[in-house]
> 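Quick one: the structure is below, and I'll ask about it shortly.
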Amino acid sequence: MSKEEIFLRIKEILNTEFEIDNELINRETKLYADIELDSIDAVDLMVKMKEYVKDKIEPEQFKKAITIQDVVDILYPLINKS
């Protein structure tokens, strides 16, 4: 899965599951400041992405994520691990 595909999947989840307007969602969108996700929402997002990840997602990996691009960059190697 490419980084673009991961971004589009995250965007879809944020729109459908969290009812966030697509116009607010881009790679530079700040998870907490711009779209007001809280820590529980962030965990829910990771649970939704878990089906694409071959290994376990460790919550510590996402503590430093500030933007949607940060989440894409964290997920990319986990999803594409051989």
> So, do E17 and D44 sit near enough that their side-chain heavy atoms are less than 4.5 Å apart?
no
> Where do Y52 and M1 come nearest, in terms of heavy atoms and distance?
CD2-CE, 3.5 Å
> Quick check: closest heavy atoms across Y32 and A42, and the distance to 0.1 Å?
OH-CB, 3.8 Å
> Does E5 have more than 12 heavy atoms from other residues, nucleotides or ligands lying within 6.0 Å of its CD?
yes
> Between I25 and F7, what is the shortest heavy-atom contact and its length?
O-CZ, 4.2 Å
> Any chance you could pull the hydrophobic cluster mates of I66, using side-chain heavy atoms under 4.5 angstrom and chaining through other members?
none
> Would one find more than 12 heavy atoms of other residues, nucleotides or ligands at under 6.0 Å from atom CD of E19?
no
> When you look at I35 and K30, which way does the side-chain contact (heavy atoms from CB on, under 4.5 Å) test go after all the steps?
CA-CA 7 Å; I35 56 175; K30 293 183 175 104; over 6 Å; no
> For the pair R27 and E4, find out whether any cationic side-chain nitrogen is under 4.0 Å from an anionic carboxylate oxygen.
yes
> Using a 4.5 Å cut-off on heavy atoms from C-beta on, say whether the side chain of I10 contacts that of V72.
yes
> On a heavy-atom basis, which atom in L45 and which in F18 lie closest, and how many Å separate them?
N-CZ, 4.0 Å
> Should the pair D70-K64 be classified as a salt bridge under the 4.0 Å nitrogen-to-oxygen rule?
no
> Would you mind listing the cluster partners of V43? Hydrophobic ones only (ILVMFWY), side-chain contacts under 4.5 Å, chaining allowed.
V47
> Does atom NZ (K50) have a neighbourhood of more than 12 heavy atoms from anything else shown, all under 6.0 Å?
yes
> With side chains defined as the heavy atoms from C-beta onward, is the minimum distance between D34 and L24 less than 4.5 Å?
no
> To the nearest 0.5 Å, tell me how far S2 OG sits from L8 CG.
7.5 Å
> Determine, step by step, whether K48 and E12 satisfy the salt bridge (Lys or Arg N to Asp or Glu O under 4.0 Å) criterion, reporting the C-alpha distance in whole Å, the side-chain angles of both residues, the deciding distance to 0.1 Å, and the verdict.
CA-CA 11 Å; K48 300 281 186 203; E12 178 185 331; over 6 Å; no
> How close do L31 and A65 get, counting heavy atoms only, and between which atoms?
CD1-O, 4.1 Å
> Is the shortest side-chain heavy-atom distance between K81 and D55 below 4.5 Å?
yes
> Within the structure provided, determine whether M46 and V71 are in side-chain contact (heavy-atom separation under 4.5 Å).
yes
> Please lay out, stage by stage, how K63 and E60 fare under the test salt bridge (Lys or Arg N to Asp or Glu O under 4.0 Å).
CA-CA 5 Å; K63 287 185 179 177; E60 303 84 49; 5.4 Å; no
> Any luck finding a side-chain donor-acceptor pair between D73 and Q69 under 3.5 Å?
yes
> Quick check for you: to the nearest 0.5 Å, what is the distance between I6 atom CD1 and I74 atom CD1?
11.0 Å
> List the steps, then state whether side-chain contact (heavy atoms from CB on, under 4.5 Å) holds for T29 with I20.
CA-CA 12 Å; T29 299; I20 296 170; over 6 Å; no
> Rounded to the nearest 0.5 Å, how far apart are CG of D41 and CD1 of I13?
12.5 Å
> Should we count NZ of K3 as having more than 12 external heavy atoms under 6.0 Å?
yes
> Measuring only between side-chain heavy atoms, which start at C-beta, is K11 closer than 4.5 Å to N26?
no
> Does some side-chain heavy atom of I68 sit less than 4.5 Å from a side-chain heavy atom of L14?
yes
